[in-house]
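All chains are named by letter (A, B, ...) in the order of the sequence lines, taking the proteins before the strands, and each is independently numbered beginning at 1.
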Amino acid sequence: MTMPGAFEPSPVANYLPTTAIIEEAENFTARDRYFRLSLERPLGHRPGQFVMVSVFGLGEAPISISNPPGDAPTLEMVIRNAGSLTQVLHSYGPGDAIGLRGPYGHGFDLHDFLGRDVLFICGGLGLAPLRSLIRAVIDRRGEFGRVMVISGCRTPAEEIYRPDLTAWAERGDVDIVRLVDNAANMPWKGRVGLVTEPIAGLKLDPAETVVAMCGPPVMYKFVLLELAGAGINGDRVFVDLERRMRCGVGKCGHCQINDIYCCQDGPVFRFSEIAHLKEAFL
Amino acid sequence: MMSDNQRSYTIEVNHVTRVEGHGSIRINTREGVVEDVKLCIVEANRFFEAFVRGMGPEEIPWIVSRICGICCVGHQLASTKAVEAAIGVVPGAQTIELRKLLNLSQFLQSHVLHVYFLAVPDFFGAPSVLPLAKTHTEVVKRALALKKLANDFTAVVGGRTLHPMANTVGGWRKVPDKDALAAIRKRLLDALPEYEATVDLVSTLEIPPYERDTEYVSLTHPDEYALYDGEVRGSDMDGTASVDSYLSICNEFTVAHSTTKWSKWHRDSYMVGALARVNNNFAQLHPKAQETAQKLGLRVPCVNPYMNNVAQVVEIVHCAYESIALIEKVLDTGLRDEDFTVTPKAGQGAGATEVPRGLLFHDYTFGDDGRCVAANAVIPTSQNINNIERDMKHFVPLMLPTMSQKDLTLHMEMLLRAYDPCISCSVHMLDVEFVGGEEHPGEPC
Amino acid sequence: MISYLADERRVIQWIRHLAAETPVFFPMPHGKVNFRFERVDEASELQFARYRPTIIAPNSFLTPTKEEIFKYQRVGPGRYELTPAVETTFQILAGVRPCDLKAIKLMDDVFADGERDPYYFQRRTNTSLIGYACPAPCDEMAYCESAGSLDWRDGVDVMLTPVGDRMLIQAYTERGEALTASGDFDPCDDPDAELQRHLDERPKPFGRQLHAPVDELPAILERHWDSPLWDQHVERCFSCGTCNLVCPTCYCFDVKDVSALDGSSGSRTRQWDACMLTTFATVAGGHNFRADPAARQRHRVKRKFQYLNERYDSGAFCVGCARCGRQCTTGIDIFDIVNDIVDHDRAAAGGAS
Amino acid sequence: MKDTEKPKPKIAFFDFAGCEGCQLALLNCEDVVLDLLELVDIVEFREALSEKAHRYDISFIEGSINREEDAQRLRDIRARSKYVVALGACACMGNVQARSNFVAPAENFAVVYGEEARNRVQTDREYWPLWAHTRVRSVDEVVPVDYQLRGCPMIPEEFLSLVKSLLAGSIPFFPPKPVCVECKMNCNECVFDQGRTCMGQVTYAGCNAVCINNGYVCDGCRGLLPGANLDAHRQLLRESGLTDAQIESRYRLFCSQAETKHTGQ
């Protein structure tokens with residue numbers, strides 16, 4: 001019996017990673033390693049998007065893209081040693097190959113920031129995805145108002161992208177606040193405290209400021225409270241959320257928060273659009 | 001210069017390798033005279049006979065299977081039979097055939113493991129099977145293939161290879177898949193040349209020529225080469241003894257200088273295992289197995305304990321042909337799920353089965369609440385220990401004048417391994433000592 | 001659409017005939033009280049009268065519990081060759097009840113969302129559905145009518161509808177027409193009348209009834225985020241995931257690689273996961289977004305009655321098959337949870353007015 | 001995807017009180033044994049070889065620790081090992097023999113060796129080894145354990161996945177979920193639907209529900225799942241007709257150590 005419409009193998013393209021070679025790798029901290037990879041063609045990504053990184057035999061993990069969008073066939077990222085796959089990636093160096101697919105998700109839209117004062121709030125590894133946007137903003141510095149970066153981490157030893165932070169501070173047209181929760185007897189020239197603390201001192205103009213933030217789950221609630229206190233409306237706050245993602249394309253269900261898929265609908269959201277989702281913030 | 005054998009020395013082999021469980025050999029010689037020979041069981045106690053008290057009938061075989069990984073099927077079958085005897089359950093014909101298959105698969109697995117992995121390296125002068133993987137690749141590959149076949153056989157019949165769960169008191173929880181069973185039969189047929197190659201390999205080994213007559217004890221059955229069932233027969237007797245009388249067969253007795261119970265029947269000691277079975281029931285072996293015995297120079301009665309390895313190979317051939325025939329029979333009859341329920345009640349019963357290492361007895365008593373109140377297991381190795389000691393006491397003085405300490409050590413280890421002792425099973429052996437008559441001078445080990 | 005009439009015996013003959021050429025899966029008794037879809041062979045006992053939703057829903061034939069998505073093979077330093085899995089076996093699922101038919105339709109929506117999932121659709125394309133309209137609730141647990149799936153027939157190739165002691169056979173697709181052509185059935189001139197008879201013969205109400213219409217549930221559930229009921233309904237929960245795994249509209253999966261010992265080759269697989277399992281929402285750093293079983297239960301319930309219908313605009317994602325309540329060892333039933341919430345909502349509204 | 005050559009890791013197996021079935025289960029991985037030997041050096045494996053070494057990358061410990069001399073030997077192994085893996089239920093949780101912890105050692109000796117042996121223990125030094133038995137302990141009660149391969153017997157696939165992970169420089173991970181997950185994926189009828197009782201709801205998965213697949217029930221040989229809802233499980237067993245004594249007996253079949261571990265019984 002021949003069956004109408006049957007026996008046609010579908011073209012299977014998704015979920016297949018391509019291979020990219022590591023050009024540069026460097027330990028930023030004891031548990032965060034920086035990678036720069038060369039690609040066959042530019043990623044064509046937006047800041048805030050992510051890629052699925054593969055190690056054959058171990059699986060995949062979602063990793064934020066750190067480099068700004070553009071024509072360079074390059075991918076920069078910072079990978080935290082926090083699991084079986086990332087532990088192995090930490091042993092990789094120049095010349096080693098890894099699998100990639102993506103970019104995935106909705107990132108930041110630069111149009112939301114153009115002409116405004118821009119405040120970046122980064123907690124720990126949260127600087128990794130935000131660096132993509134910060135670099136994009138600085139590249140077009142003249143098209144924005146004030147540009148402010150609050151970057152916090154637990155101890156001085158855990159700061160990532162230190163040369164970038166230094167270089168941005170030296171420009172003179174970007175306000176950089178670097179702080180740690182605890183200097184722990186280590187040399188530290190920045191401030192000590194939580195990322196919420198400098199917000200009041202920035203004397204933000206609520207009508208002009210747009211905020212982009214990314215950090216550990218525990219950070220959001222307190223920052224959002226502080227921003228509300230500074231009069232900043234939820235529709236001017238963009239949050240980059242972390243969830244467990246297994247497929248990256250809105251199928252596997254792991255990153256679901258209410259009716260949204262973090263991977264597909266996010267990971268960047270306008271706060272006012274998800275403020276009602278109680279599971280989005282702790 | 002004094003020759004090696006004139007000096008006084010102690011041979012100590014701690015944690016004898018390539019045996020199941022932990023045992024040590026200690027031999028003291030003084031000026032060429034053996035002062036004592038001692039085998040220490042250094043296995044820690046696990047108290048199976050104590051802690052199974054309180055368990056229900058169906059739990060017993062499932063748990064006592066854990067006495068020994070390598071003999072798990074044997075412990076399961078003997079204990080299942082004992083429990084059934086205690087509470088008056090009679091399994092159906094299909095169940096008995098499946099149990100026989102399970103037992104055959106274990107013989108194939110255990111004998112292949114013992115011959116290839118534990119015994120053969122001695123003959124090749126290799127410390128283990130691993131170096132043989134480089135020097136005798138086909139031998140090792142064949143060993144692995146035959147072992148895998150036997151393991152898959154156990155898994156198809158019993159549900160899995162180790163501690164299988166399909167057999168239980170009264171019946172089979174899930175009957176084997178007929179296609180899978182047919183596939184095993186085909187693989188066994190295809191493997192016949194490999195079993196033949198095993199025979200050829202063993203025919204090249206030089207078996208030490210020592211002989212010492214002893215009593216050989218095994219099950220015996222009027223209709224078949226007794227492996228799963230039968231009455232008990234000693235080579236010194238006419239007729240048979242019932243399994244229920246096992247206590248007066250093992251005659252476990254305490255010796256002043258040892259905490260273990262020793263076994264003896266019609267003489268000072270007896271031997272169980274492949275050699276005992278082949279000696280007692282040679283005529284019932286499959287013709288191909290009888291041919292194999294002839295080819296390997298095993299003529300019954302054979303009184304060389306090192307020939308136990310050869311007897312194992314004879315049984316490998318027997319079990320292979322027997323399995324093929326029995327699977328055929330089972331498939332022809334067809335397998336069906338049986339309905340069976342087991343009602344716990346009071347009673348006592350013993351059960352015995354042949355396991356690769358010899359005769360195994362289990363005995364359980366259940367109280368009015370249907371829970372176990374007393375348990376006993378007499379394992380092949382504990383029955384053999386007395387005989388091993390007597391072999392050593394006999395052979396060491398014979399070898400001492402001509403052998404270096406090193407060779408003597410190796411030969412004693414080989415002798416022990418020839419018995420394929422399973423010390424893991426030592427449910428109630430402790431500090432077994434082989435002493436040359438008087439109070440021995442050694443430390444407890 | 002072509003319609004026929006035949007008695008059940010003839011229909012079963014026809015299914016056997018199909019099974020001789022093509023793998024056909026049909027719900028058959030399994031164990032003491034359960035059913036599962038099993039491949040039809042000569043020995044299979046086919047009947048429609050006795051039925052209880054199968055342990056696992058037929059969606060396992062479209063998204064297997066574990067499936068390979070591609071193989072990889074190292075071909076040089078850092079170079080890998082990938083071979084995607086292609087599944088082209090044609091299969092027929094027969095005797096599929098309306099609840100499961102609706103679930104398959106919902107899965108079509110899920111896997112077409114965003115990037116269309118090729119693995120799902122290659123199986124879906126190669127699967128024919130022969131549905132069976134239930135003349136009576138399969139047992140006292142079913143609430144398919146209340147969940148809005150009882151009369152579902154979208155997506156079937158052939159629908160079998162019992163009418164009296166005969167069966168109305170309707171081919172809805174070209175493929176269904178090809179399948180039924182071999183049936184040697186009597187043509188049916190007025191299928192609508194037969195359908196009406198079927199409806200008239202059916203008990204009313206049909207099975208258990210939710211205490212509120214499913215389209216009101218999203219709003220009701222939204223009002224009870226912090227309800228103590230969530231805690232009450234997990235007191236006996238093992239977080240074992242059974243409710244997810246037996247659910248025809250649960251589709252979450254995990255991705256795993258299975259490699260050869262030396263890592264040079266292997267395959268990437270995906271296998272079913274379950275949001276009731278403790279670590280489902282744990283991220284790499286160790287934070288668990290739903291560590292509390294009550295939060296996981298709330299997520300599951302809202303997913304079936306609120307989140308996914310909002311996302312896919314499809315009506316409830318619960319099809320009322322009641323598998324989750326039936327298979328739960330401690331009898332936690334999503335039907336009871338929802339009704340409890342509805343009752344509390346009504347009581348609160350009553351108290352306020 | 002890294003292609004650098006590393007020296008072969010040294011792997012050792014040590015057995016304590018147990019049936020040695022877990023080592024046998026490894027020998028039963030006939031398909032991969034030779035491949036494994038290409039990738040690692042097995043330096044101690046008493047059941048199959050006589051070789052020895054002094055430092056180990058991965059030490060697999062089989063069996064429970066029943067005597068102080070065993071504990072000492074284990075501490076010595078730990079000191080010489082990079083990773084220590086508890087191999088099988090005896091090493092992970094004491095297994096069936098931990099049930100003997102509920103009874104005084106002297107009484108156990110009396111049952112197994114007779115009253116006379118028990119009485120002579122106090123006067124005859126030949127019997128002193130009897131005193132050596134302290135209580136049945138899991139490996140992690142004596143030394144830190146890096147990974148556990150659960151089950152009676154252990155599951156060869158888990159062993160291989162652990163070895164693969166460690167060879168790849170990764171962290172082995174065995175998801176904490178109950179046996180029900182695997183049982184359902186095998187489309188088994190729930191044991192409770194068959195009128196029997198099961199430990200699967202509270203037992204660490206990884207066995208692919210092999211016992212239920214083969215017509216039996218789960219007895220919990222892989223140990224209790226951390227955080228399992230034991231109250232609900234006991235209640236379920238009660239509702240299924242088991243008495244409290246039967247429920248205890250059920251838990252004590254394989255998981256008795258969970259009860260005695262921290263009470264020092």
Self-check item: For the student: nearest non-hydrogen atoms of A:C252 and C:F280, plus distance
Solution: O-CZ, 4.4 Å

Practice problem: Examine whether an atom of C:Y72 lies under 4.5 Å from a heavy atom of chain A, and if so say whether it belongs to the side chain, the backbone or both; otherwise answer neither. | Solution: side chain

Quiz prompt | Separation between CD1 of A:I260 and CZ of C:R311, rounded to the nearest 0.5 Å | solution = 8.5 Å

Quiz item: Considering all heavy atoms of both residues, which atom of A:P217 and which atom of C:F289 are nearest to each other, and what is their separation?
Solution: CG-CZ, 3.9 Å

Quiz item: Measuring from C:L82:CG to A:T19:OG1, what's the distance to the nearest 0.5 Å?
Solution: 6.5 Å

Self-check item: CG-NE2 distance between C:D273 and A:H254, expressed to the nearest 0.5 angstrom
Solution: 3.5 Å

Exercise. Grab the two heavy atoms, one from C:D254 and one from A:R244, that are nearest each other, plus how far apart they are.
Key: OD2-NH2, 3.5 Å

Exercise. Could you grab the distance from atom NZ of A:K278 to atom CD of C:E222, nearest 0.5 Å is fine?
Key: 6.5 Å

Practice problem: Go through A:Q256 and C:H299 one step at a time and tell me if the side-chain contact (heavy atoms from CB on, under 4.5 Å) criterion holds. | Solution: CA-CA 9 Å; A:Q256 191 181 357; C:H299 181 73; 4.0 Å; yes

Exercise. Starting at CG of A:D259, measure out to CG of C:N309 and round the result to the nearest 0.5 Å.
Key: 9.5 Å

Practice problem: Give a yes-or-no answer on whether the side chains of C:D117 and A:Y15 include a donor-acceptor pair shorter than 3.5 Å. | Solution: yes

Exercise. Could you check which of C:F111, C:F70, C:Y120, C:W225 has the highest count of heavy-atom pairs closer than 4.5 Å to chain A?
Key: C:W225

Exercise. Let me know if C:R290 has heavy atoms under 4.5 Å from chain A in its side chain, its backbone, both or neither.
Key: side chain

Quiz item: Roughly how far, to the nearest 0.5 Å, is the CZ atom of C:R268 from the CZ atom of A:F56?
Solution: 5.5 Å

Practice problem: Measure distances from A:P216 to the heavy atoms of chain C and classify the residue's part below 4.5 Å as side chain, backbone, both or neither. | Solution: neither

Quiz prompt | Minimum heavy-atom distance between A:G253 and C:C252, given as atom pair plus value | solution = CA-SG, 3.6 Å

Exercise. Specify which of C:T282, C:V258, C:D226 makes the most heavy-atom pairs with chain A at under 4.5 Å.
Key: C:T282

